[in-house]
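Here the structure comes first, spelled out in structure tokens, and everything after it is commentary.
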Amino acid sequence: MAEATRALWVTSEGECEIRRAALPERSPDQVLVRTLHSAISRGTESLVLRGRIPESQHQRMRAPFQEGEFPWPVKYGYLNVGVVESGPAELEGRTVFCLHPHQTRYVVPADAVTVVPPQVPPERAVLAGTVETAVNAAWDAAPLIGDRIAVVGGGMVGCAVAAILARVPGVRAQLVDVDPARETTARALGVDFATPEHAREECDLVVHASGDRQGLVRSLELLAPEGRVVELSWYGDAQVSLPLGEFFHSRRLTIRSSQVGVVAHPRRGYAERMSLALELLADPSFDALITGASPFDDLPALLSGELPALCHRIDYRAGHARP
């Protein structure tokens, strides 16, 4: 009898369910992984849950091991940490990260998993996909020593970007968010904080990650002449208007997109970028991004309600999820 697994599926707007399926047989170059933890990527998964992925982006926005087609039904997600139960000898028993949907067990090619360094707890390693995005953004931003930098938007990605950029020597980095409570997270990450109306201006670089038009407008306002915004927000099928008159041309400002689907370093590949993200997660300050946890069986109700602002971890430990 084929081994069984259980996975989360989005079935209609705002609705999802856990479905049981048979696992495929593993070939010699594949691994069977038992999930320990996954995590909700609030921004993208919210768009998937609401059916807001534009038809023109259906193929580009596919997750690596997605099943189904947008808008629904679809099995989606990409923050997963587990233990290799069987596979090549060098991977058996190892804790690994994989860009895989929320699922109790799964079979994937061996080169689709990245070994989690021993100094990184599995509970923190679920942030690897988020930190990978932040690494890519930092490569696109190319900060200089001593730059004045703001990161607008204190979600998972914005906080991770701020934490990385603040470690560049001489950089003055500030996390900007409309929620004053985000100051606690910023301080834990070693980053200054301000609400939008009190943010420092004359920035050389602003990274925008709020997902809101007003955040992008404020990002432009914070720039010094010749400054640049690196845009991380993805708006799905929403139209965004900007004040590209006024000071935009007179200050010679720049808006540059950054998207994790393309490696922004000319001499690095996807595997190297993910390995670097996991190395950076040895820093315990990243624990500040994990603000809650729930068992796997609670995931449908959790996603159908109000999604948490930062990283909500899903636990698959014995007693937290049926096999």
Side-chain angles (χ1 to χ4, degrees), residues 39-48 52-54 57 60-61 63 78-79 99 127-143 147-168 171 173-179 182 185-186 189 191 193-194 196 199 203-223 227-242 253-265 268 270 273-274 276-277 280-281 286 289 307 309-311:
I40 299 168
S41 179
R42 180 177 182 265
T44 305
E45 290 192 55
S46 293
L47 293 172
V48 172
R52 296 291 302 275
I53 306 299
Q57 299 299 304
R60 184 176 294 274
M61 287 302 298
Y78 46 84
L79 300 173
L99 296 167
L127 294 168
T130 301
V131 174
E132 181 191 24
T133 301
V135 167
N136 209 60
W139 285 341
D140 271 326
D147 267 357
R148 297 160 296 184
I149 299 174
V151 177
V152 176
M156 285 174 65
V157 172
C159 285
V161 171
I164 290 172
L165 294 180
R167 285 151 177 76
V168 177
V171 156
Q174 186 173 65
L175 181 66
V176 180
D177 196 88
V178 295
D179 183 2
R182 194 64 74 238
T185 305
L189 294 170
V191 182
F193 176 83
C203 290
D204 304 293
L205 166 67
V206 176
V207 177
H208 178 238
S210 79
D212 185 88
R213 170 192 174 273
Q214 291 300 326
L216 181 52
V217 172
R218 186 59 178 143
S219 297
L220 291 169
E221 293 172 345
L222 295 178
L223 288 175
R228 63 199 186 282
V229 168
V230 173
E231 174 61 285
L232 287 181
S233 298
W234 192 67
Y235 303 90
D237 57 3
Q239 298 293 314
V240 178
S241 61
L242 294 175
L253 304 182
T254 300
I255 302 174
R256 174 172 183 174
S257 67
S258 180
Q259 206 278 334
V260 72
V262 176
V263 178
H265 194 297
R268 300 292 183 272
Y270 291 100
R273 187 177 64 182
M274 181 60 76
L276 174 58
L280 293 174
L281 282 169
F286 282 104
L289 300 186
L307 290 179
L310 289 179
C311 178

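The model shown is predicted, which means the values in this text are computed figures rather than measured ones.
- Side-chain contact check for Met156 versus Leu79: some heavy-atom pair is nearer than 4.5 Å.
- Taking OG1 from Thr185 and CZ from Phe193, the interatomic distance works out to 9.0 Å, rounded to the nearest 0.5 Å.
- Looking at Leu127 and Cys311, their side chains come closer than 4.5 Å, going by heavy atoms from C-beta outward.
- How far SG of Cys159 is from CD1 of Ile164: 11.5 Å, rounded to the nearest 0.5 Å.
- Annotation for Phe286 and Val131: closest pair CE2-CG2, 4.1 Å, computed over non-hydrogen atoms.
- Two residues are said to be in side-chain contact when any heavy atoms from C-beta on lie closer than 4.5 Å; Arg268 and Leu276 fail this criterion.
- Judged by distance alone, the side chain of Glu45 and the main-chain N or O of Ser41 form a donor-acceptor pair under 3.5 Å.
- Contact record, Asn136 with Ala264: OD1-N, 2.9 Å, taken as the closest heavy-atom pair.
- The CH2 atom of Trp234 lies 6.0 Å from the CG atom of Leu47; values are rounded to the nearest 0.5 Å.
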Got a list of side-chain donor-acceptor pairs under 3.5 Å for residues 253-260, not counting sequence neighbours?
from, atom 1, to, atom 2, distance (Å)
Arg256, NH2, Asp140, OD1, 3.0
Ser258, OG, Asp140, OD2, 2.6
Gln259, OE1, Gly261, N, 2.5

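- For the pair Val152/Val229, no side-chain contact is recorded, criterion being any heavy-atom separation below 4.5 Å from C-beta on.
- Between Leu289 atom CG and Leu281 atom CG the span is 9.0 Å, to the nearest 0.5 Å.
- By the 4.5 Å heavy-atom criterion applied to side chains, Val168 and Asp147 are not counted as neighbours.
- Remark: Arg52 pairs with Asp237 by the salt bridge (Lys or Arg N to Asp or Glu O under 4.0 Å) rule, at least two apart or across chains.
- Checked against side chain to side chain donor-acceptor pair (under 3.5 Å), Thr133 has no partners two or more places apart in sequence or in another chain.
- With a 4.5 Å cut-off on side-chain heavy atoms, Ile149 and Asp204 do not count as touching.
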Table please: side-chain donor-acceptor pairs of residues 210-217 below 3.5 Å, with sequence neighbours left out.
from, atom 1, to, atom 2, distance (Å)
Ser210, OG, His208, NE2, 2.6
Ser210, OG, Asp212, N, 3.1
Ser210, OG, Asp212, O, 3.4
Asp212, OD2, Gln214, N, 2.8
Arg213, NE, Ser241, O, 2.6
Arg213, NE, Ser241, OG, 3.0

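- Residue Ala150 comes nearest to Val176 through the heavy atom pair CB-CG2, 4.3 Å, listed as atom of the first residue, atom of the second, then distance.
- Qualifying salt bridge (Lys or Arg N to Asp or Glu O under 4.0 Å) partners for Arg218, counting only residues two or more places apart in sequence or in other chains: Glu201, Glu221.
- Minimum heavy-atom separation, Ala162 to Leu175: CB-CD1, 4.2 Å.
- Under the rule for a ring pair (Phe, Tyr, Trp, His ring centres under 6.0 Å), the partners of Trp139 that lie at least two apart in sequence or sit in another chain are His265.
- Residues Met61 and Val48 form no side-chain contact, since every pair of their non-hydrogen atoms from C-beta on lies 4.5 Å or further apart.
- Nearest heavy atoms, Ala199 versus Leu222: CB-CD2, 3.9 Å.
- In terms of modelled atom types and a separation under 3.5 Å, the side chain of Arg182 and the main chain of Asp177 share no donor-acceptor contact.
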